[in-house]
Structures are given as C-alpha cells and as structure tokens.
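In what follows, chains are A, B, ... by sequence order, proteins preceding strands, each numbered from 1.
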Amino acid sequence: MSSKLKLYDTARRETSEFVPIVSGKASIYVCGATVQAAPHVGHIRSGVNFDILRRWLVASGLETTFIRNVTDIDDKILHKAIHEEAPWWAVAMKYERAFSDAYRALNVLPPTYEPRATGHITQMIELMEKLIANGSAYAPGNGDVYLEVRKLKRYLTLSNQKLDDLQSAGDAEDTSKRDPRDFALWKAAKPGEPSWPTPWGAGRPGWHLECSAMAAAYLGDEFDIHGGGLDLVFPHHENEIAQSESAGQKFARRWMHNAWVTTSGEKMSKSLGNSLLVMEVLKRVRGVELRWYLGSAHYRSMLEFSFEALDESATAFRRIENFLIRVKESGAEITKVIHPAFADAMNDDLAVPQALALISEWLRAGNSALSAGESALEQASAIRGALDILGCDPFDPNYGLGAKNLDAAVDGLIALLLEQREAARVRKDFAAADAIRDRIIALGINIEDTPSGPRWSVNG
RNA sequence: GGUGGAGUGGCCGAGAGGCGAGGCUCGGGACUGCAAAUCCCGCUACACGGGUUCAAAUCCCGUCUCCACCUCCA
C-alpha cells in the first residue's frame with residue numbers, strides 16, 4: 001500500500017491512522033438489526049458501508065474478525081408479536097431472515113459471527129453481577145436493574161453532552177430509579193412477557209446490555225472498531241461505554257458511524273411506508289445496482305434517496321459493467337488489481353467518491369483502448385479490483401446466479417436472430433434488419449454493432 | 001435549551017488556502033446505412049455580509065436557512 005489507512009473516530013472527531021491493537025489483525029463490532037420489521041434502504045446502507053470497511057481491511061492484509069449482532073428481543077418485537085398474533089420468537093426470526101436475505105442480495109458478506117441477544121443471557125447476568133458488586137449498578141428490588149449514571153467517572157463522551165443538559169426522559173414517572181437518567185440494564189418481566197431468571201428476578205435484557213456482553217464475549221476487553229448508525233451515538237453507544245467501562249473493560253478504541261439515507265432532506269422513518277423496503281427497491285434495480293448506489297456516497301454523508309438518482313446510478317454502473325464484459329468477451333482474463341491511487345482514496349477514511357472518479361477515468365481510457373483495438377486489460381483489472389472492494393464485482397458469483405442456465409439458450413436464440421439481421425443488412429434490406437432489431441429491443445435486449453459483429457446484453 | 005452536521009453549477013456529489021474531482025442531463029462533433037455503444041468538445045459553481053492573505057469554496061467574525069440527536073432508531 002502506498003499510504004497508511006486513516007479512519008475517522010466519532011469520539012475524537014477527527015481522522016487518525018488506524019493502528020490495530022494486535023498487529024496484523026482487526027476486530028470490529030457493528031450494531032446490527034433489531035429484527036422487528038423488514039429492512040429498508042437505510043438499514044442496508046449501514047450494512048454496505050461497514051462491509052466496504054471490512055473488505056478494505058481484509059484487502060489491506062488484516063485478519064479481520066467482524067461481529068454484527070442481532071437484537072432479537074425488545075419492546076417493539078413484543079408489540080409486533082401481539083399485532084401479528086404470533087410468538088415473539090417467530091416474529092424475530094421472520095425479520096432476521098428478511099435482513100439476511102437483504103444482506104445476501106446486496107452481497108454483504110456474512111459476519112465472522114452473528115450473535116443473538118437471547119443467546120447471551122448468561123454473559124449479561126455475569127456483567128450485571130460485576131456492575132452491582134462494584135457499586136455501578138443497583139437492583140431496586142422490583143426485578144429491574146439500573147446503571148447509576150451519576151456514579152460514572154465519565155459519561156456522554158461520544159456525543160459530547162452534559163448530563164444536566166439532557167432533556168428529562170419521558171418515563172420520569174418510573175420511581176424505582178435513583179436518577180431519572182439511570183438506564184435499564186435489565187427489565188422485570190410483565191405478565192405474559194418472555195423472561196429469563198436472574199438473581200434479581202425474572203426479566204429480559206435492556207437494549208444496551210447485550211452489546212457490551214457480546215462484544216466482550218467475542219472480541220475481549222478491548223477491540224479496534226465499534227460501528228453503527230449515527231443515531232446510535234446516544235443513547236445506545238454512550239450506555240455501552242458506561243456499562244463496559246464500569247465493568248473494567250477498555251472497550252472500543254475507535255467509533256465509526258454511518259450517516260442516514262434521507263428522503264426530502266429528512267431522515268427516513270418507518271412511517272414512510274413500504275416503498276423503500278429493500279425487497280421493494282430490488283424490484284426496480286438489481287442488488288448490485290442498489291449496492292452501487294448506497295455505497296457511492298461517503299459513509300459519513302447523508303444520502304438523499306430518490307428513484308431518479310437510483311436509476312441514474314444504475315445506468316452508470318451498467319456502463320462500467322458493460323466495459324468489463326466487453327473486455328472479458330475479448331478473451332482476456334481480468335484479474336483484480338488494487339491500483340495505488342485507489343488505495344490512497346480508500347486509505348483516506350474510505351473516500352469512495354474519489355475512488356469513483358478514478359474508476360471513471362479508467363473507464364474512459366479503457367473504452368478508448370477498446371475502440372482503438374488495443375488491450376484494455378490494465379484498466380479493466382484496476383476497475384475490477386476496485387469494484388471487488390466495493391462489493392460490486394459483476395463477476396462475483398454472489399450476483400446474477402440463477403439465470404445462468406438460461407444464458408446459453410438465450411444466447412443461441414438471439415444469435416439466430418442477429419444472423420438473420422446481418423443477412424438483411426448485407427443485402428441492404430434495412431427495413432427488414434431494423435424490424436428484427438426492434439423486436440429484439442422490445443424484449444428488453446440491447447443490441448450494439450461493433451467492429452467484430454453485433455453483441456447483445458440484457459437491458460437492466 | 002444542549003450537542004452535532006449541512007448549504008457547491010440544470011441535477012447528483014467530492015474537495016478544506018493557490019493548477020475548475022467525477023458522474024448525470026443538455027448542446028455540438030466523430031463513428032454508423034440508421035440506431036445503440038463508445039470517444040472528443042462545450043455548459044466555469046461553492047447560502048449571505050464583512051475580514052485575514054499576494055491568493056479564500058477552503059481560515060476568522062457575524063447572519064440566514066435546513067437537518068439530526070437529547071433514552072424506539074441503521
């Protein structure tokens with residue numbers, strides 16, 4: 001690599017060189033989904049952004065452990081279960097699968113491990129015992145367990161807020177708290193709710209405890225990067241820090257947060273309906289095209305979603321893809337090369353937009369070379385290497401499988417039609433030639449005449 | 001009220017003191033029987049008002065507008 005990897009740290013509010021705790025290795029914990037609804041494009045952007053980070057760390061030679069949790073028990077899941085008249089665990093699993101399907105469709109690599117909150121109750125109880133023993137947390141006797149934020153030596157360091165400046169919480173009527181800002185590690189079970197036994201009574205995990213417990217379980221006392229959406233900074237990540245530090249852990253060295261997908265300048269909310277669910281958007285564009293779109297903005301910039309921009313982005317991607325296919329059709333083996341300029345861009349806090357500018361340059365040079373009958377292998381290899389890091393390699397077997405068996409048959413059929421068109425063109429019967437072409441185009445197949453004869457491709 | 005972020009050409013989107021990132025759209029041209037694809041040329045922008053500087057989109061002061069978080073959030 002020609003430069004050193006620098007990454008932004010939310011806590012320090014600046015970029016700095018990434019120095020792994022253990023040389024040659026990287027450990028990442030990303031807050032994944034609360035599986036209470038199907039994923040929308042905002043959820044999946046987070047998945048894509050951190051997948052690009054992960055791929056780049058791996059490409060940089062780091063042995064990377066990537067943990068992304070599933071929150072499979074919380075208030076909303078319980079509410080949803082009542083609404084859907086199904087057991088809470090069936091609801092959680094249904095939406096966990098929906099997330100998994102979306103990740104797969106967008107070629108987001110599976111995490112090294114994907115822990116579920118409900119599978120780590122033991123670790124949570126151990127953590128609470130430690131926190132109560134050292135006086136950081138208390139159990140008022142009603143089955144709840146709280147962390148006492150006034151006793152923290154430091155708190156709100158990520159969001160840079162002062163405890164007294166916080167607007168008072170809405171649940172201030174909860175009198176079992178010593179301070180209204182104390183947060184629940186553990187919630188006492190209400191009648192009919194799922195619960196697990198603890199020394200303080202049966203109940204279920206608070207939202208924040210699971211991540212502290214699971215990060216420690218898989219990554220240890222200290223790990224390199226903790227990631228998640230920008231809206232998790234407070235309270236979720238602040239409270240994770242509070243819990244883990246109070247338990248004597250060093251916790252995350254660096255915090256990274258992805259910005260939102262917005263619509264009409266505003267953060268996407270679930271009230272917008274179903275139109276921006278990943279599976280709905282995938283009826284319009286392919287997974288690789290949605291990924292290209294979501295990954296094209298810098299991860300810390302808001303991405304203003306629009307179908308127009310999505311379509312444009314998809315068109316731009318097809319242009320790149322088309323180039324690679326043409327090079328491949330010429331018989332060349334396109335390897336994946338990490339160009340030094342691309343490495344520089346990625347090392348600069350994952351400057352994907354700059355990388356896209358490079359790809360544009362290589363694309364133009366490569367197309368020119370092809371037109372001139374020269375080899376475009378160098379450009380194609382650099383582009384493919386870059387696309388691979390972005391998770392958008394069109395030759396990645398994760399994309400476009402399924403229709404493969406038909407390809408040979410379709411290729412033969414269209415070749416047959418194109419032969420007839422060529423025959424018409426040779427005898428200058430352009431009306432007949434164009435009629436054949438129009439019929440093919442009407443089927444959604446693009447036709448291009450090249451010096452080496454016509455070629456076809458499926459139109460989106 | 002507290003804490004952050006943003007305002008760049010028709011549109012999208014980088015950059016963070018000095019050669020106009022890049023893409024899309026649009027206009028012109030090359031190539032083509034015509035298209036498509038591709039390439040070339042063109043379209044000189046940084047919310048507003050001051051200031052610092054030889055030089056400001058970039059730094060400083062002030063103003064306006066928008067967005068987010070403040071215990072459900074990717």
Can you classify the ring geometry of [X] versus [Y] as parallel (below 30°), tilted (30 to 60°) or perpendicular (above 60°)?
X: A:Y218; Y: A:Y113; value: tilted
X: A:F223; Y: A:Y29; value: tilted
X: A:W255; Y: A:H226; value: parallel
X: A:F342; Y: A:W56; value: perpendicular

Starting from [atom2] on [N], measure out to [atom1] on [X] and report it in whole angstrom.
X: A:R319; N: B:G23; atom1: CZ; atom2: C1'; value: 9 Å
X: A:L294; N: B:A74; atom1: CG; atom2: C1'; value: 12 Å
X: A:I320; N: B:G23; atom1: CD1; atom2: P; value: 10 Å
X: A:K187; N: B:U71; atom1: NZ; atom2: P; value: 14 Å
X: A:L230; N: B:A74; atom1: CG; atom2: C1'; value: 10 Å
X: A:N367; N: B:A37; atom1: CG; atom2: C1'; value: 9 Å
X: A:H40; N: B:A74; atom1: NE2; atom2: C1'; value: 7 Å
X: A:H208; N: B:U71; atom1: NE2; atom2: C1'; value: 6 Å

- Please tell me if the side chains of A:W200 and A:I132 come closer than 4.5 Å, counting only heavy atoms from C-beta onward.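 Of all side-chain heavy-atom pairs linking A:I132 with A:W200, at least one is under 4.5 Å.
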Under a 3.5 Å limit for both distances, which nucleotide forms a Watson-Crick or G-U wobble pair with [N], could you say?
N: B:C46; answer: none
N: B:C54; answer: B:G18
N: B:U3; answer: B:A68
N: B:C39; answer: B:G29

[atom1] atom, [N] versus [M]: distance in rounded Å?
N: B:C34; M: B:C43; atom1: P; value: 29 Å
N: B:G17; M: B:C54; atom1: C1'; value: 12 Å
N: B:C46; M: B:G10; atom1: C1'; value: 16 Å
N: B:G22; M: B:U8; atom1: C1'; value: 14 Å
N: B:C12; M: B:U25; atom1: P; value: 15 Å
N: B:A57; M: B:A45; atom1: P; value: 10 Å
N: B:G9; M: B:A21; atom1: C1'; value: 14 Å
N: B:C39; M: B:C31; atom1: C1'; value: 9 Å

- Query: Taking the nucleotide of RNA chain B with the closest heavy atom to each, which residue, A:G42 or A:L358, is nearer the 5' end?
  - Reply: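 Per heavy-atom nearest nucleotide, the more 5' residue is A:L358.
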- Item | Closest-nucleotide ordering on RNA chain B, the 5'-leading residue of A:N322 and A:Y8 |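 The answer here is A:Y8.
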So what does [X] hit on the nucleic acid, given a heavy-atom distance under 4.0 Å: a base, only sugar-phosphate, or nothing?
X: A:V30; result: nothing
X: A:L370; result: nothing
X: A:G228; result: sugar-phosphate
X: A:T262; result: nothing

- Message: Between A:T34 (side chain only) and A:Q36 (backbone N and O only), is there a donor and an acceptor less than 3.5 Å apart?
- Response: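 Judged by distance alone, no pair lies under 3.5 Å.
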Quick one: do [X] and [Y] make a salt bridge, cutoff under 4.0 Å?
X: A:D74; Y: A:R204; value: no
X: A:E329; Y: A:R326; value: no
X: A:R421; Y: A:D449; value: yes
X: A:R116; Y: A:E210; value: no
X: A:K6; Y: A:D349; value: no

- Closest to side chain of A:A357, choosing from B:G22, B:C70, B:C39: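 Closest nucleotide among those given: B:G22.
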- Message: Which nucleotide wins on minimum distance to the side chain of A:R326, given the candidates B:U71, B:G22, B:A37?
- Response: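 Given the options B:U71, B:G22, B:A37, the side chain of A:R326 is closest to B:A37.
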Under 3.5 Å, N/O pairs linking protein and nucleotides 26-35 of chain B:
unit_1: B:G33; atom_1: O6; unit_2: A:R425; atom_2: NE; d: 3.2
unit_1: B:G33; atom_1: N1; unit_2: A:D434; atom_2: OD1; d: 3.1
unit_1: B:G33; atom_1: N2; unit_2: A:D434; atom_2: OD2; d: 2.8
unit_1: B:C34; atom_1: O2; unit_2: A:R437; atom_2: NH2; d: 2.8
unit_1: B:C34; atom_1: N3; unit_2: A:R437; atom_2: NH1; d: 3.0
unit_1: B:C34; atom_1: N3; unit_2: A:R437; atom_2: NH2; d: 3.4
unit_1: B:C34; atom_1: N4; unit_2: A:D449; atom_2: OD2; d: 3.3
unit_1: B:A35; atom_1: N6; unit_2: A:D449; atom_2: OD2; d: 3.1
unit_1: B:A35; atom_1: N1; unit_2: A:D449; atom_2: OD2; d: 3.1
unit_1: B:A35; atom_1: N3; unit_2: A:R437; atom_2: NH1; d: 2.7

Is there any protein nitrogen or oxygen under 3.5 Å from a nitrogen or oxygen in nucleotides 10-14 of chain B, and what are the pairs?
unit_1: B:A14; atom_1: OP1; unit_2: A:H298; atom_2: N; d: 3.3
unit_1: B:A14; atom_1: OP1; unit_2: A:S301; atom_2: OG; d: 3.1

Can you tell me if the side-chain N/O atoms of [X] get under 4.0 Å from OP1 or OP2 in [N]?
X: A:N258; N: B:A74; value: no
X: A:N160; N: B:G4; value: yes
X: A:R364; N: B:G23; value: yes

- Do the side-chain N and O atoms of A:S212 and A:E240 include a donor-acceptor pair separated by under 3.5 angstrom?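 No donor-acceptor contact under 3.5 Å links the two side chains.
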